[in-house]
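Working notes, structure below.
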Amino acid sequence: MKNHLLFSIQNKLASLSSAERKVGAFILEHATEVIAMSTEEVATKAGVSPATVIRFCQSVSNKGFTSFKLILSAESMIDKKLYQEINPSDSTKQVKEKLSLRIQHTIEQTNQKLLDNSIQKAAQMLKHSDRIFIYGMGASNVVAEDMTQKFMRVGKSVIHTLDHHLITASLSAQHENSVLVLISNSGEKQESIKLAKIAKELNVSRIVMTHNANSTLAKLSTITLIHDANEENRTIRSAATTSLIAQLYALNILYYTYVALDFDENIDKLSASHSVVREYF
């Protein structure tokens, strides 16, 4: 899949050094012209050293300057307004285009960050568990609810609640052969961290879904499922949008990997639950 380089640049600006931010700002403003420029020319225009330009390319694309320009050339004709924040003057069509671009970028980045081996291990862990405890706060609870109904329909015993005290009590009483799934975009929610520590003390396996591989929660996990979170450095973030989509996407990859482990049996369970619901409701 193709990455959106200009979107990645805008997304990472806040986390770059001040010198690299100058390079990023210049490229965002003059993407078409940069394609025909040398490292030295970009450095002069941005007011930095050639070494800074090279470091910038590595930071945002893991590429050298020449390869960076090749990728940039494929995107330079895209309206740069699509990479900017949503604003009051945008038409509905522009909002759709901006969100579509962000969602595409989020899925592409999640595919890169979400390791196949981690998904497969998590699916096996869930398969061999007697019960699954699931916890997530805020928007992450939407994902927790979706995971609950998905795995209940394939016959797993699932305990999900926003009450972390109840999760703690249930986990303490039923910890044998259990798995705790913690969903947290930041990986720094104190309630989730406390639950992870309790589970670790009880020798309960922990699956953590987060965007931050270096977070406290990730460090307490048995398996970490990393997704993209390109909203983190954005100004407008009154509610989770692409981070929620990234979590739901990662969850569905986990779910279908789990279903495939015993495909015929799981499909029979799904069909049976569907038939019962359809008959009575």
Side-chain angles (χ1 to χ4, degrees), residues 11-12 14-16 59 62 106 109-129 131-144 146-148 151 158-172 174-233 237 240 242-255 257-258:
N11 231 20
K12 294 179 179 179
S15 63
L16 298 174
S59 296
N62 292 319
T106 293
Q109 290 296 303
T110 297
N111 276 338
Q112 292 183 21
K113 296 175 181 179
L114 189 59
L115 301 180
D116 294 355
N117 190 45
S118 296
I119 284 286
Q120 291 159 7
K121 286 182 178 179
Q124 287 286 351
M125 184 179 291
L126 294 170
K127 174 185 176 181
H128 296 294
S129 66
R131 67 195 61 80
I132 305 169
F133 293 87
I134 305 175
Y135 183 78
M137 294 178 64
S140 294
N141 186 54
V142 175
V143 186
D146 190 35
M147 182 175 185
T148 298
F151 279 86
V158 181
I159 298 174
H160 163 246
T161 175
L162 279 171
D163 187 338
H164 55 279
H165 296 105
L166 182 57
I167 287 274
T168 300
S170 300
L171 191 62
S172 299
Q174 306 178 68
H175 61 272
E176 291 186 7
N177 206 28
S178 294
V179 173
L180 174 63
V181 180
L182 296 165
I183 305 168
S184 172
N185 186 46
S186 67
E188 297 296 344
K189 291 289 189 295
Q190 290 304 306
E191 293 84 355
S192 296
I193 291 170
K194 289 176 183 177
L195 287 173
K197 289 179 178 178
I198 291 168
K200 186 174 182 179
E201 290 177 3
L202 294 170
N203 200 30
V204 172
S205 297
R206 287 109 27 229
I207 297 173
V208 168
M209 184 183 295
T210 181
H211 91 272
N212 187 357
N214 297 314
S215 64
T216 303
L217 201 57
K219 292 174 182 177
L220 289 166
S221 72
T222 307
I223 296 174
T224 307
L225 305 179
I226 303 297
H227 60 79
D228 186 48
N230 61 52
E231 294 166 328
E232 288 306 298
N233 294 321
R237 197 182 185 281
T242 56
S243 60
L244 177 58
I245 289 169
Q247 289 178 334
L248 288 168
Y249 179 66
L251 166 60
N252 277 280
I253 292 174
L254 174 61
Y255 173 67
T257 301
Y258 174 89

Within the structure provided, determine whether V208 and I223 are in side-chain contact (heavy-atom separation under 4.5 Å).
no
Using the side-chain hydrogen bond (donor to acceptor under 3.5 Å, both in side chains) rule, take N111 and Y249 through it: C-alpha gap first, then chi angles, then the decisive distance, then the call.
CA-CA 9 Å; N111 276 338; Y249 179 66; 2.7 Å; yes
Less than 3.5 Å apart, which donor and acceptor atoms pair up between the side chains of residues 113-128 and the rest of the protein, not counting sequence neighbours?
residue : atom : partner : partner atom : Å
K113    : NZ   : D228    : OD1          : 3.0
Q124    : OE1  : H128    : NE2          : 3.2
K127    : NZ   : D262    : OD2          : 3.3

Exercise: do S221 and R206 side chains pair donor with acceptor under 3.5 Å
no
Strictly by modelled atom types, are E188 and T216 linked by a side-chain donor-acceptor pair under 3.5 Å?
yes
Can you give me the closest heavy-atom contact between L248 and N252, atom names plus distance?
O-ND2, 2.8 Å
Ignoring hydrogens, what is the shortest heavy-atom contact between L180 and A199? Give both atom names and the distance.
CD2-CB, 3.6 Å
Can you tell me how far the NZ atom of K189 sits from the OG1 atom of T210, to the nearest 0.5 Å?
9.5 Å
Roughly how far, to the nearest 0.5 Å, is CG of D163 from OG1 of T168?
8.5 Å
Verify side-chain contact (heavy atoms from CB on, under 4.5 Å) between K197 and K194, making sure each step is shown before the conclusion.
CA-CA 5 Å; K197 289 179 178 178; K194 289 176 183 177; 5.7 Å; no
How about R131 and Q174: do any of their side-chain heavy atoms sit closer than 4.5 Å?
yes
Rounded at 0.5 Å granularity, tell me how far OG in S192 sits from CG in L182.
5.5 Å
Atom of K12, atom of S59 and distance for their closest heavy-atom approach:
NZ-O, 3.7 Å
What are the two closest non-hydrogen atoms of S184 and L217, and how far apart are they?
CB-CD2, 3.7 Å
Exercise: identify the closest heavy-atom pair between S129 and V179
CB-CG2, 3.6 Å
Side chains of L254 and M147: does their closest heavy-atom pair fall under 4.5 Å?
yes
Determine yes or no for a side-chain-to-main-chain donor-acceptor pair under 3.5 angstrom, with H211 supplying the side chain and N185 the backbone.
yes
Rounded to the nearest 0.5 Å, how far apart are NE2 of H164 and CD1 of I193?
12.5 Å
Closest non-hydrogen atom pair between H227 and M209, with its separation
CD2-CG, 3.8 Å
I would like to know whether V181 and I183 meet side-chain contact (heavy atoms from CB on, under 4.5 Å); could you show each step before the answer?
CA-CA 7 Å; V181 180; I183 305 168; 4.2 Å; yes
Mind listing the side-chain donor-acceptor pairs of residues 132-142 below 3.5 Å, one per line with the distance, residues two or more places apart or on another chain?
residue : atom : partner : partner atom : Å
S140    : OG   : Q247    : NE2          : 3.2
N141    : OD1  : H160    : NE2          : 2.8
N141    : ND2  : E145    : OE2          : 3.4

